[in-house]
Amino acid sequence: MAARTPAERIVAAIRAIPRGEVAGYGHVAQRAGLPGRARMVARLLSRNDDPTLPWHRVLRSDGRIAFPVGSEGFVEQCDRLRREGVDVTDEGRVRTAKRARTLDEAVWG
DNA sequence: CTCATGACTAGCT
DNA sequence: TAGCTAGCCATGA
C-alpha cells in the first residue's frame with residue numbers, strides 16, 4: 001500500500017459516510033487527519049473526478065448544501081440525498097432522522 | 001514572492 | 001434569527 005496522501009484520506013473519509021447520512025466539511029477533514037482543512041475538502045470535491053465518490057453527503061457546518069439554491073449542483077445534490085432517504089428542504093437544509101441541531105451529533109457524534 | 005479565488009468556519013452585531 | 005466581517009488553508013497566475 002502506497003503512502004496515502006491527504007487527498008486520499010479525505011476521499012476515504014467521505015466514502016466512510018453511511019448511506020442516508022451526511023457529514024460536514026470540517027468533520028470530514030478532521031476524520032481524514034486534517035483539522036482545519038475544510039477548504040481543502042471543498043477544493044478536492046470541486047476538482048474530484050470520481051463518480052463513485054458520495055460527495056453529495058458532504059454539507060456545510062450549518063447543515064446546508066454548499067451550493068447556491070437553484071444552482072445545478074444544488075439540484076443534483078438535493079436529488080441524490082432525497083433518493084437516499086434524506087429530507088432536504090427547498091432552502092437546501094438537510095434534516096437527519098436524529099433531528100440534531102448540529103451535524104456533530106447527527107452523524108459522527 | 002505577492003495577489004486573487006474558493007463546494008469553509010467561527011465570531012460579532 | 002439573519003447578515004456581515006475576519007480568519008484560515010491550498011492552488012494558480
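Lettering follows sequence order; numbering is per chain, from 1.
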* Asked: Is A:Glu84 paired with A:Arg80 through a side-chain N to carboxylate O contact shorter than 4.0 Å?
  ->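 Here A:Arg80 does not pair with A:Glu84 in a salt bridge, since their nearest N and O are not under 4.0 Å apart.
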Separation of atom [atom1] in [X] from atom [atom2] in [N], rounded to whole Å:
X       : N      : atom1 : atom2 : result
A:Arg64 : C:dG3  : CZ    : P     : 10 Å
A:Arg47 : C:dA10 : CZ    : P     : 17 Å
A:Ile14 : B:dA7  : CD1   : P     : 15 Å
A:Arg93 : C:dT1  : CZ    : P     : 9 Å
A:Glu91 : C:dT1  : CD    : P     : 13 Å
A:Leu81 : B:dA7  : CG    : C1'   : 13 Å
A:Arg39 : B:dT5  : CZ    : P     : 12 Å
A:Asp62 : C:dA2  : CG    : C1'   : 11 Å

From [options], nucleotide with atom closest to [X] side chain:
X       : options              : result
A:Ser61 : C:dG7, B:dT9, B:dA7  : B:dT9
A:Phe67 : B:dC8, C:dC9, B:dA7  : B:dA7
A:Arg43 : B:dA7, B:dC8, C:dT11 : C:dT11
A:Arg60 : C:dA10, B:dA7, B:dC8 : B:dC8
A:Met40 : C:dA10, B:dA7, B:dC8 : C:dA10

* Asked: Base, sugar-phosphate, or nothing for A:Gly73, non-hydrogen atoms under 4.0 angstrom?
  ->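 Touches nothing.
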* **4.5 Å side-chain heavy-atom contact, A:Glu72 and A:Phe67** =>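 Not touching, per the 4.5 Å side-chain cut-off.
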* **Backbone N/O of A:Arg64 and side chain of A:Glu91: donor-acceptor pair under 3.5 Å** =>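 Checked: no pair found.
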* Sub-3.5 Å donor-acceptor pair from the side chain of A:Arg57 to the main-chain atoms of A:Ile17, do we have one? ->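 Confirmed, A:Arg57 side chain pairs with A:Ile17 backbone.
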* Asked: In this structure, are over 12 heavy atoms from other groups packed under 6.0 Å from A:Arg15 atom CZ?
  ->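 Atom CZ in A:Arg15 is packed in, count exceeds 12.
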